[in-house]
Amino acid sequence: MFEAIMNGLGGLTAGVANLHWSNPVMIAIGCLFLFLGIKKDVEPLLLVPIGFGAILTNIPLAGLMEEHGFLRVIYDMGVSNELFPLLIFIGIGAMTDFSPLLENPKIFLLGAAGQFGIFLTIGLALLCGFNQLDAVAIGVIGACDGPTAIYVSSKYAPHLLGAVSVAAYSYMSLVPILQPPLMKMMTTEKERQINMSELSTTTPASKTTKIVFPIVVTIFGGLIAPMGLPLLATIMLGNLMKESGAVSRLAKASENEIANVVTLFLGISIGATMEGRAFLKADTLMVLAFGFVAICLDTICGVGFGKLMNIATGGKINPLIGAAGISAYPMAARVVQKEGLKYNRFNFLLMHAVGANTGGQVGSVMAAAIMLSVLKGMGVIP
């Protein structure tokens with residue numbers, strides 16, 4: 001009887017006895033994410049579920065990521081089959097207003113420039129020994145577009161899914177911290193003070209234009225790069241539902257209830273991939289490092305192109321808006337507005353930055369689609 005009691009008491013400490021050194025490290029990282037999300041208000045909708053998922057998966061013997069485990073069921077339900085990223089994209093489309101982009105089309109060039117870092121990072125990853133599909137999955141992190149990164153990695157580089165997902169969403173959440181130093185480094189104080197309010201359009205986009213736009217982009221984008229059609233089609237479907245006004249209930253559900261539920265499931269699933277022994281290894285650390293390089297290069301390229309536009313327009317473009325050319329919508333646009341106000345309290349960069357940001361949203365999807373279509377043509381993808 002005494003022996004049975006002692007064995008039972010031993011079971012109470014089994015979790016502690018089975019801790020690997022990496023588990024407390026990842027639990028601490030999960031707590032850091034919770035601190036940033038709750039205390040510092042750094043994208044809490046992402047960091048809180050990711051952080052909590054990381055804590056759960058690093059508690060030994062709970063079996064949450066084993067077959068039929070709580071976290072495994074959620075993961076298989078929408079991450080391993082790419083469903084969650086596509087549902088998120090419908091919600092993003094329903095929340096996105098392409099009016100600033102349609103009213104000032106040249107701003108789309110900043111959205112395109114903001115993707116250059118992806119291609120540069122792919123080249124670096126290839127030089128460091130990653131194969132072509134792995135390099136593409138790593139490079140896409142730089143767009144700060146979590147759904148696109150998850151879609152590409154889960155479909156074509158599943159062994160990197162955990163690292164790519166964590167890198168993409170972590171860096172996307174940290175855009176307000178990562179971008180400002182680069183923006184300051186790339187611009188002069190005089191450039192940061194440029195007020196663009198006088199460039200506001202006097203010819204707003206018509207309702208017909210806003211309805212036709214997602215249809216045209218889907219058709220032509222799909223024909224140019226069919227491998228990325230699921231990504232492009234879902235974001236444009238969400239936007240079409242919003243702009244048409246014919247299915248307002250579906251549009252509102254997509255941007256609210258569906259997006260919120262999927263964000264919760266996606267966040268906790270990403271955290272569940274952060275088990276210490278699987279996560280803390282050389283490949284993961286390299287993916288995180290390359291992801292950091294990618295977002296830095298994307299920001300630098302975007303601001304750099306903004307400086308070129310500034311020169312071409314005789315000093316009328318504030319180069320800061322180039323930093324919004326990534327896909328972190330609308331975080332990057334908010335960061336641009338906040339930084340602009342630091343140097344000119346009358347500055348109004350938000351709508352211009354939103355235009356670049358929506359261009360980056362489409363640009364990141366097209367960049368991934370083009371890369372996958374090229375690999376398909378080369379025979380790398382069957």
Side-chain angles (χ1 to χ4, degrees), residues 22-23 25-38 42-59 62 64-66 69-89 91-92 137-138 140-175 231 258-281 283-285 287-292 294-295 327-328 331 364 368:
S22 61
N23 297 134
V25 172
M26 296 308 299
I27 289 174
I29 292 174
C31 290
L32 174 62
F33 282 8
L34 292 178
F35 172 78
L36 291 173
I38 297 171
V42 178
E43 297 306 321
L45 292 179
L46 293 173
L47 289 191
V48 170
I50 290 175
F52 202 77
I55 293 172
L56 292 179
T57 198
N58 280 283
I59 297 176
L64 298 182
M65 274 298 280
E66 295 178 2
F70 164 59
L71 295 180
R72 172 59 65 180
V73 170
I74 297 175
Y75 180 88
D76 290 341
M77 182 172 64
V79 177
S80 62
N81 60 10
E82 307 101 39
L83 177 61
F84 286 167
L86 297 179
L87 290 176
I88 288 286
F89 259 132
I92 291 173
I138 293 169
V140 172
I141 296 171
C144 274
D145 186 349
T148 299
I150 291 175
Y151 178 85
V152 173
S153 58
S154 63
K155 197 170 182 68
Y156 301 107
H159 56 289
L160 295 180
L161 177 59
V164 168
S165 302
V166 171
Y169 274 99
S170 299
Y171 293 143
M172 184 169 71
S173 302
L174 297 175
V175 160
L231 294 170
I258 294 175
N260 289 335
V261 171
V262 174
T263 298
L264 171 61
F265 286 164
L266 185 60
I268 202 169
S269 298
I270 291 169
T273 65
M274 297 172 66
E275 198 280 326
R277 275 170 282 206
F279 195 83
L280 293 179
K281 53 185 182 180
D283 282 354
T284 300
L285 298 179
V287 169
L288 294 173
F290 277 122
F292 179 78
I295 183 177
S327 183
M331 287 174 282
S364 66

A.B. asks: Grab the two heavy atoms, one from Leu71 and one from Gly53, that are nearest each other, plus how far apart they are.
C.D. replies: CD1-O, 4.4 Å
A.B. asks: How far does OG1 of Thr148 sit from CG of Leu231, to the nearest 0.5 angstrom?
C.D. replies: 5.0 Å
A.B. asks: With sequence neighbours left out, what residues match Ser22 under side chain to side chain contact (heavy atoms under 4.5 Å, CB included)?
C.D. replies: His20, Arg277, Leu280
A.B. asks: Testing the basics here: between Ala328 and Val175, what is the closest heavy-atom pair and its distance to 0.1 Å?
C.D. replies: CB-CG2, 4.0 Å
A.B. asks: Nearest heavy-atom pair of Met274 and Val166: which atoms, and what distance?
C.D. replies: CG-CG2, 3.4 Å
A.B. asks: Using side-chain heavy atoms (C-beta onward) and a distance below 4.5 Å, is Leu34 in contact with Ile55?
C.D. replies: yes
A.B. asks: Taking all heavy atoms of Val152 and all of Ala368, pick out the closest pair and write down the distance.
C.D. replies: CG2-CB, 4.2 Å
A.B. asks: Taking all non-hydrogen atoms of both residues into account, name the closest pair between Pro147 and Ile92 and its distance.
C.D. replies: CG-CD1, 4.2 Å
A.B. asks: Distance check, rounded to the nearest 0.5 Å: Thr284 atom OG1 versus Phe279 atom CZ?
C.D. replies: 5.5 Å
A.B. asks: Name all residues meeting the side chain to side chain donor-acceptor pair (under 3.5 Å) criterion together with Ser364; count only those two or more places apart in sequence or in a different chain, and write none if there are none.
C.D. replies: Asp145, Ser327
A.B. asks: If we ignore hydrogens and angles and just use 3.5 Å, is the side chain of Asn58 paired with the main-chain N or O of Gly276 as donor and acceptor?
C.D. replies: yes
A.B. asks: With sequence neighbours left out, write down each residue that passes side chain to side chain donor-acceptor pair (under 3.5 Å) with Ser165, or none if nothing qualifies.
C.D. replies: none
A.B. asks: Shortest non-hydrogen contact from Gly146 to Met172?
C.D. replies: N-SD, 4.1 Å
A.B. asks: Can you list, pair by pair, the side-chain donor-acceptor contacts under 3.5 Å of residues 266-273, counting residues two or more places apart and other chains?
C.D. replies:
| from | atom 1 | to | atom 2 | distance (Å) |
| --- | --- | --- | --- | --- |
| Ser269 | OG | Phe265 | O | 2.7 |
| Thr273 | OG1 | Ile270 | O | 2.5 |

A.B. asks: Kindly compute the distance separating CG (Leu160) from OG (Ser154), expressed to the nearest 0.5 Å.
C.D. replies: 11.5 Å
A.B. asks: Between Ile150 and Val164, is any pair of side-chain heavy atoms under 4.5 Å apart?
C.D. replies: no
A.B. asks: If you round to the nearest 0.5 Å, how far is CD1 of Ile50 from CG of Leu46?
C.D. replies: 5.5 Å
A.B. asks: Any side-chain heavy atom of Glu275 within less than 4.5 Å of one from Asn23?
C.D. replies: yes
A.B. asks: Who passes side chain to side chain contact (heavy atoms under 4.5 Å, CB included) against Ala259, sequence neighbours left out?
C.D. replies: none
A.B. asks: Quick one: pull up CD1 in Ile59 and CG in Leu64 and give me the separation to the nearest 0.5 Å.
C.D. replies: 7.5 Å
A.B. asks: Table please: side-chain donor-acceptor pairs of residues 74-89 below 3.5 Å, with sequence neighbours left out.
C.D. replies:
| from | atom 1 | to | atom 2 | distance (Å) |
| --- | --- | --- | --- | --- |
| Ser80 | OG | Asp76 | O | 3.3 |
| Asn81 | OD1 | Leu83 | N | 3.1 |
| Asn81 | ND2 | Met77 | O | 3.3 |

A.B. asks: Would you indicate whether Tyr156, at its atom OH, is surrounded by more than 12 heavy atoms from other residues, nucleotides or ligands within a distance under 6.0 Å?
C.D. replies: yes
A.B. asks: Decide yes or no for Ile141 and Tyr171: does some side-chain heavy atom of the first lie under 4.5 Å from some side-chain heavy atom of the second?
C.D. replies: yes
